[in-house]
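Hydrogens, waters and symmetry mates play no part in the numbers below; they use all other heavy atoms, side chains included. Chain identifiers are assigned alphabetically (A, B, ...) following the order of the sequence lines, protein sequences preceding nucleic acid strands; residue numbering begins at 1 within each chain.
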2 protein chains.
Amino acid sequence: MLMNPKPDSATSAHDRVYRRLRTQIMYGEIAPGAALTLRGIGTEFGVSMTPAREAVRRLVAEGALSLSSSGRVSTPELSNDRIEELAALRSLIEVELASRAMPRAHIALIERLQSINSTISEVISNRDAAGYIRVNLEFHRTLYLRAQAPAMLAMAETVWLQLGPTMRSLYGRLRRTEAPHYHRLIIAALKAGDEPGLRLAVRSDVTQGLRLLTT
Amino acid sequence: MLMNPKPDSATSAHDRVYRRLRTQIMYGEIAPGAALTLRGIGTEFGVSMTPAREAVRRLVAEGALSLSSSGRVSTPELSNDRIEELAALRSLIEVELASRAMPRAHIALIERLQSINSTISEVISNRDAAGYIRVNLEFHRTLYLRAQAPAMLAMAETVWLQLGPTMRSLYGRLRRTEAPHYHRLIIAALKAGDEPGLRLAVRSDVTQGLRLLTT
DNA sequence: ATCCGGCTTTTGTGATCACAATTGCGCCAT
DNA sequence: ATGGCGCAATTGTGATCACAAAAGCCGGAT
């Protein structure tokens, strides 16, 4: 007989290191260009270099960290061209995810989205950049999970990961005082069953941060 | 003064292993579900387990290999749902790449595409599945390189990688006798500067293999 | 004060080892 | 012949070590 082997806690050391690093990067808790060392990560998480190396390699493969020619690891500093590309990718993938999620979006999901959206305000008042990014992404992820498209969602999360360190400085410049306008448009389009409106709202929300680069 | 440090040959061992494995997987030279061992890979490439492990981890992170709960590594066997998702991703990303490449596509590029396309016929007559996949992807990559969008191209290649082992069996069922019809449509649209036609042709070419699943 | 040289320290890489868990084979009982 | 049990071989994981290269630092010359 196979007992349930604690599916969440039975993780290897490199996986723990990977997940914690990944979370820090995705939520913009590490500044762009910050340097990391394998031994430093190892001692920070209480493991040897081996799991630290594997976690770092994995994050490099996902574009969350960049590797200098001499093997040094740091969070990437993205060029404006690359940011534009990643925003375009977010738009392409997330519009599709939202579109696929819409037919399955029942009322409980919409209420959940409204609840998440309402917590954004208090995070904003605390000037908590990482918290803002986290709640914002939770809003999107909650919607996209309904699309039942794990490969697409993984792709979208990879893009979020690559944008993580940059988002912090971007949202830092953005002196926001209220919950994002486009989130309300997304919820309204979901309620109305308005698919073109949903696609437009998601595209607008995703590319909105881009304006900070050009202006 | 900084001399050019042989940018292509100065590679670490794990990178050599990674690239060779990646090529084999992307071009469908490994059947879906095939098992791999770290020690096996190590001895095959004349290195120890350490570089083999890093190469495998990297490929797992890219979705090119799948990891069982006990850490065993194998090429993934994709469900039909996942294949549909990946095809949809190819369509989204590659249509955008083609669209961005079109304004920069001068006559030399079109001739290059025609040249690549003409070699497909002879590969087909040899019943060389891996060769067919390789030339087919080279056709697409050549076009997309002109888009000057490295992040998008990397995303597209990741999808190709995930589909690699499956493509072999897919193209195996496809008894093809001539170069793909949609490649000629792509070239014609490029020549005519017909952007909607190009988008349609790319979308059709990319999702064409999918019909083998449903019929 | 600034720039250059050499030296020390830090850092990544790859090999090897000990260990635990899983796998898979063979043997035995029915 | 078949199904289950147990042992042996295989395999992934993580730690440690030796080594080479890169980075940072300190001092001296100009």
Side-chain angles (χ1 to χ4, degrees), chain A residues 1-22 25 30-31 33-77, chain B residues 1-22 25 30-31 33-77:
Chain A
M1 158 97 62
L2 185 65
M3 284 308 224
N4 189 326
K6 296 199 261 172
D8 273 90
S9 64
T11 67
S12 48
H14 95 261
D15 211 60
R16 276 193 307 275
V17 176
Y18 164 77
R19 279 208 300 265
R20 289 198 44 187
L21 276 179
R22 181 187 139 105
I25 295 169
I30 305 182
L36 297 175
T37 66
L38 298 185
R39 286 174 176 86
I41 295 169
T43 58
E44 181 183 342
F45 293 101
V47 295
S48 81
M49 292 175 56
T50 313
R53 237 199 302 189
E54 301 193 24
V56 164
R57 284 252 177 265
R58 199 166 155 189
L59 290 163
V60 168
E62 296 175 340
L65 292 175
S66 75
L67 212 58
S68 87
S69 61
S70 65
R72 253 66 173 191
V73 186
S74 60
T75 50
E77 301 183 271
Chain B
M1 157 97 64
L2 185 64
M3 285 305 223
N4 189 326
K6 295 199 263 174
D8 272 89
S9 65
T11 67
S12 48
H14 93 263
D15 212 60
R16 277 193 306 275
V17 176
Y18 165 77
R19 278 210 299 266
R20 289 197 44 186
L21 276 178
R22 181 186 140 106
I25 295 169
I30 306 181
L36 297 176
T37 65
L38 297 185
R39 287 174 175 85
I41 295 170
T43 58
E44 181 182 342
F45 293 101
V47 296
S48 81
M49 292 174 57
T50 313
R53 237 200 303 189
E54 301 193 25
V56 164
R57 284 254 176 265
R58 200 166 155 190
L59 290 163
V60 169
E62 296 174 339
L65 292 174
S66 75
L67 212 59
S68 88
S69 61
S70 66
R72 251 65 172 192
V73 186
S74 60
T75 51
E77 300 182 271

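Closest to the side chain of B:Ser70, out of C:dT13, C:dT22, D:dT13, is C:dT22. Of the candidates D:dA15, D:dT16, C:dT22, the closest approach to any side-chain atom of A:Met49 belongs to D:dT16. In this structure, the nucleotide among C:dT23, D:dG14, D:dG12 sitting nearest to the side chain of B:Val73 is D:dG12.
Atom CZ of A:Phe45 is separated from atom P of D:dA15 by 14 Å (rounded to the nearest Å). Taking atom CZ on B:Arg72 and atom C1' on C:dT22, their separation rounds to 5 Å, with Å as the unit. Distance A:Glu54 CD to C:dG14 P: 13 Å, rounded to the nearest Å. A straight line from NE2 of B:His14 to P of C:dA15 spans 13 Å, rounded to a whole angstrom. The distance between atom CG of A:Leu38 and atom P of C:dT11, rounded to the nearest whole Å, is 10 Å. A straight line from CG of A:Leu36 to P of C:dT10 spans 18 Å, rounded to a whole angstrom.
Atom CZ of A:Arg58 and atom CG of A:Leu21 lie 11.5 Å apart (nearest 0.5 Å).
Heavy-atom nearest nucleotides on DNA chain D were determined for A:Ser68 and for B:Thr50, and the one closer to the 5' end corresponds to B:Thr50. In this structure, B:Thr37 and A:Val47 both approach DNA chain D, and ranking their closest nucleotides by distance from the 5' end singles out B:Thr37.
Panel note: side chain B:Thr75, backbone B:Leu65; no donor-acceptor pair is recorded below 3.5 Å.
Here the side chains of B:Arg16 and B:Phe45 are not in contact, with every heavy-atom distance at 4.5 Å or above. Looking only at side-chain heavy atoms (C-beta outward), B:Arg57 and A:Tyr18 stay at 4.5 Å or farther from each other. Side-chain atoms of B:Thr37 and B:Val73, non-hydrogen and from C-beta on, never get closer than 4.5 Å to each other.
As judged by a 4.0 angstrom heavy-atom cut-off over every strand, B:Leu67 is placed among residues making no nucleic acid contact. Counting any heavy atom pair closer than 4.0 Å across all strands shown, B:Ile41 reaches no nucleic acid atom.
Residue side chain B:Arg53 reaches the base of D:dG14 through a donor-acceptor N/O pair under 3.5 Å, judged by distance alone.
OP1 and OP2 of D:dC17 both lie 4.0 Å or more from every side-chain N or O belonging to A:Arg39. Taking only side-chain nitrogens and oxygens, B:Ser48 comes nearer than 4.0 Å to OP1 or OP2 of C:dA15.
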